[in-house]
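In what follows, a single structure is set out as structure tokens and then discussed.
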Amino acid sequence: MVGTLRREDVPGTERLVGWVHRRRDLGGLLFVDLRDRSGVVQVSFGPEWSDGESLERARHLGSEDVISVEGEVVLRPEAARNPELATGDVELKARHLELLNPAVTPAIPVFRGPSEELPSEELRLRHRHLDLRRSELQGNLRLRHRLILAVRNYMDGLGFLEIETPILTKPTPEGARDYLVPSRVHPGEFYALPQSPQLYKQVLMTAGYDRYFQIARCFRDEDLRADRQPEFTQIDVEASFIQPDDLFGWVEGLMSTLAVVGEVDAPTPFPRMRYTEAMDRYGSDRPDLRWELEISDWTGALGTADSELLRGAVATGGRLRGLRLPGGGTLSRKEVEGLEVVAKAAGAPGLLWAKRTAEGGSGPLARWMEPEHWSATGAAEGDLLVVAAGPDRVTSPALAAVRAAVIRALKLPKVRAHAWLWVLEFPLFLEEGGRLFPGHHPFVLPHPEDVGRIEGEPTSVRSLAYDLVYNGAEFGSGSIRIHDAGLQRRVLRRLGMADEDIDRKFGFLLEALASGAPPHGGIALGMDRIVKDFVGAPSLRDVIAFPKTTAARALFEGAPTPASPSDLAELRLDVRVGRSE
RNA sequence: GGGGCUGUAGCUCAGCUGGUUAGAGUGCCGGUCUGUCACACCGGAGGCCGCGGGUUCGAGUCCCGUCAGCCCCGCCA
């Protein structure tokens with residue numbers, strides 16, 4: 001291939017095919033950079049070694065023309081070598097050129113010079129065939145391929161079977177919105193695309209396939225983010241007769257295998273932290289431990305301050321928590337107020353702050369700060385304190401957002417480049433508006449010590465659910481599952497479902513559990529995010545060949561589109577648009 | 001559903017407190033050039049200023065709406 005030519009190939013005759021990357025016409029001499037997915041090599045044309053017709057054709061080559069050139073591989077003159085190019089010592093002296101397929105002038109350039117901006121995201125997606133020709137994206141997709149291959153080899157080595165599960169499946173009763181697919185055979189009835197193979201893999205466990213995995217496509221009809229696509233790929237894993245430690249060992253082994261491929265560090269075992277501790281120290285269930293900065297609890301330290309706001313927050317059951325930022329005094333008032341904006345955007349009513357200065361202190365909080373308050377927080381001269389007052393459910397997200405912002409603003413040094421973490425014991429239930437929701441999903445096994453509190457104190461029940469976190473991103477989420485039909489029913493009832501609903505929606509699962517389901521558990525790892533973070537891409541769109549926009553459109557092929565009247569008639573569907581109900 | 005940013009030549013962008021003929025780089029077309037590699041140099045073509053409405057003597061610029069892309073909140077069991 002063109003990118004693999006080296007001085008060892010001199011002398012030799014080659015016929016190379018590829019795309020015209022760039023052309024430099026010096027008059028008598030003419031150079032073409034020929035590109036394929038292996039790289040670029042320089043092809044030279046000149047009257048002494050190129051036939052006349054080929055030379056004339058070469059003069060009119062345009063970017064992205066597909067050509068075939070045949071000639072001698074030669075060492076370039078000493079002064080004309082290009083150390084920036086892997087093939088820079090050699091070139092192909094073209095005897096003959098064939099134009100295999102001329103290309104129209106590309107709508108977006110494939111070649112990009114140093115310091116040239118990428119075309120807009122919209123155009124890159126619209127002309128995806130051109131964008132995908134760039135070496136960055138080709139490199140990303142090549143790494144993705146190698147990671148998937150490594151997953152399959154590793155899981156196979158542990159005795160896991162890859163088993164495919166349906167894409168046309170049953171709507172999920174809770175959770176994300178489903179993509180629905182109408183049934184022609186059963187008018188008015190719909191399949192759903194799977195949000196994950198969750199129930200199928202549990203059924204596979206009951207069927208005795210005690211080690212299952214799948215590179216599984218999943219679909220969720222929810223609004224998108226840079227790290228969320230409506231269809232995405234999970235490494236789905238489930239195994240029987242296991243404890244969390246078994247799974248952690250396998251996943252740590254898998255991740256260090258992938259890390260070698262992706263050239264990142266993944267020293268095992270990964271540290272572990274309980275959910276409550278993560279929320280307490282970092283305000284997040286997926287803390288980014290590349291930085292050490294932690295949240296402090298100053299309820300005792302500042303609760304005595306003569307401030308109505310502070311005392312009020314404590315009196316109503318809240319806490320005073322904040323961050324001590326050594327050297328944060330260098331931030332301007334405007335920058336600190338920017339942190340307050342961040343806190344408000346994350347849902348906090350406000351953010352108090354004080355700088356400790358030689359004269360005492362400055363900032364809205366400073367007037368309440370007596371010497372004992374300063375010392376109780378450990379603030380030294382030049383430090384900045386930011387404090388959020390209120391219930392943890394409000395202050396945690398705010399302080400997590402402020403922590404991230406302040407790390408950026410102060411350019412705090414990383415203490416490690418790759419931070420892996422298991423977060424354990426997620427709550428089984430979350431409460432919102434007086435209603436209970438599953439913390440993870442309704443099939444998670446309650447912590448054995450907490451089962452007795454399911455009815456009485458549901459929000460205090462821990463679960464055997466765990467997340468794998470890398471650099472503050474959720475890489476995977478899993479749990480030990482309920483294998484007892486009675487306990488499963490108990491949990492579903494506690495979530496507010498009536499028995500007939502349970503039987504209708506989950507009857508097949510309960511029946512399977514009751515028919516000899518082994519204890520089992522598993523995890524689902526986000527393949528796209530793994531690739532994204534390993535290559536350092538800013539968006540999932542850079543590691544998916546044909547991604548959707550934030551509005552879930554496919555710009556290249558133009559999906560979705562209205563269905564034709566005949567299709568709708570066959571499906572017996574009526575469409576009403578432009579009417580909001 | 002909400003908030004923010006962006007939309008000007010094929011592409012990347014500039015365009016001031018509203019002012020008369022909308023610019024640059026690159027790409028494209030033509031020309032010169034035998035060692036270039038973001039080749040260089042000379043010349044040329046290329047514009048629904050996203051779309052619709054409004055304010056104004058006058059709108060790329062201000063206002064309202066709308067569409068598209070991106071980022072965030074909600075949402076994502």
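Chain identifiers are assigned alphabetically (A, B, ...) following the order of the sequence lines, protein sequences preceding nucleic acid strands; residue numbering begins at 1 within each chain.
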- line: Checking N1-N3 plus N6-O4 or O6-N4 for Watson-Crick, or N1-O2 and O6-N3 for wobble, each under 3.5 Å, the partner of A68(B) is U6(B)

- prompt: What heavy-atom pair brings Asp36(A) and Gly3(A) nearest, and what distance separates the two atoms?
  reply: OD1-N, 4.2 Å

- request: Taking only heavy atoms on the protein side, list every residue of residues 225-234 of chain A lying under 4.0 Å from any atom of RNA chain B, sorted numerically.
  value: Arg225(A), Ala226(A), Arg228(A)

- line: With sequence neighbours left out, the residues meeting salt bridge (Lys or Arg N to Asp or Glu O under 4.0 Å) with Glu455(A) are Arg490(A)

message: What's Ala551(A) touching, base or sugar-phosphate or nothing? Going by heavy atoms closer than 4.0 Å.
response: sugar-phosphate

task: Determine yes or no for a side-chain-to-main-chain donor-acceptor pair under 3.5 angstrom, with Thr87(A) supplying the side chain and Val40(A) the backbone.
output: yes

task: Could you work out the separation of C62(B) and G4(B) based on their P atoms and round it to a whole Å?
output: 16 Å

message: Pairing donors with acceptors under 3.5 angstrom, does anything connect the side chains of Ser44(A) and Glu91(A)?
response: yes

message: Just to be sure I understand the rule, does Leu118(A) reach a base, reach only the sugar-phosphate, or reach nothing, if contact means heavy atoms closer than 4.0 Å?
response: sugar-phosphate

field: Nearest-nucleotide 5' precedence on RNA chain B, Ile108(A) against Pro538(A)
entry: Ile108(A)

message: Need one value for Leu555(A): base, sugar-phosphate or nothing, where a base atom within 4.0 Å counts as base even if backbone is also close, heavy atoms only.
response: sugar-phosphate

message: Can you tell whether the side chains of Arg35(A) and Glu64(A) come within less than 4.0 Å, N to carboxylate O?
response: yes

query: Excluding sequence neighbours, so at least two apart, what forms side-chain contact (heavy atoms from CB on, under 4.5 Å) with Ser196(A)?
result: Gln198(A), Cys218(A), Arg220(A), Gln234(A)

- request: For the residue pair Phe426(A) and Tyr275(A), categorise the inter-ring angle as parallel (less than 30°), tilted (30 to 60°) or perpendicular (more than 60°).
  value: tilted

query: Looking only at atom C1', what distance separates A22(B) and A59(B), rounded to whole Å?
result: 13 Å

- prompt: Looking only at side-chain N and O atoms, does Thr549(A) come under 4.0 Å of OP1 or OP2 in G69(B)?
  reply: yes

field: Counterpart base for C41(B), defined by Watson-Crick or G-U wobble contacts under 3.5 Å
entry: G31(B)

Heavy-atom pair with the smallest gap, counting every atom of Ser479(A) and Val444(A): OG-CG2, 3.5 Å

message: Using atom P in both nucleotides, what's the gap between A24(B) and A68(B) to the nearest angstrom?
response: 34 Å

- request: Please collect all ring pair (Phe, Tyr, Trp, His ring centres under 6.0 Å) contacts where either partner lies in residues 23-56 of chain A, sequence neighbours excluded, each pair once.
  value: none

message: With rounding to the closest Å, how many angstrom separate the P atoms on G69(B) and C63(B)?
response: 24 Å

message: For Leu224(A) versus Gln229(A), what's the shortest heavy-atom pair and its separation?
response: CD2-C, 3.8 Å

- prompt: How far does the P atom of G1(B) sit from the matching atom of U66(B), given to the nearest Å?
  reply: 12 Å

- prompt: Where along nucleotides 34-40 of chain B does protein come under 4.0 Å, by heavy atom, of base (B) or sugar-phosphate alone (S), with - for untouched nucleotides?
  reply: BBBBBB-

- prompt: Parallel, tilted or perpendicular: which fits the ring planes of Phe556(A) and His129(A), with parallel below 30° and perpendicular above 60°?
  reply: tilted

- request: Could you give the distance separating U26(B) and C42(B) at their P atoms, to the nearest angstrom?
  value: 11 Å

statement: Between Arg59(A) and Gly28(A), the two heavy atoms sitting closest are NH2-O, 3.8 Å

field: Within residues 457-481 of chain A: residues closer than 4.0 Å to RNA chain B (heavy atoms)
entry: none

field: Contact nearer the 5' end of RNA chain B, comparing Pro109(A) with Glu432(A)
entry: Pro109(A)

task: Searching all strands shown, indicate the nucleotide that pairs with G74(B) (Watson-Crick or G-U wobble; both distances under 3.5 Å).
output: none

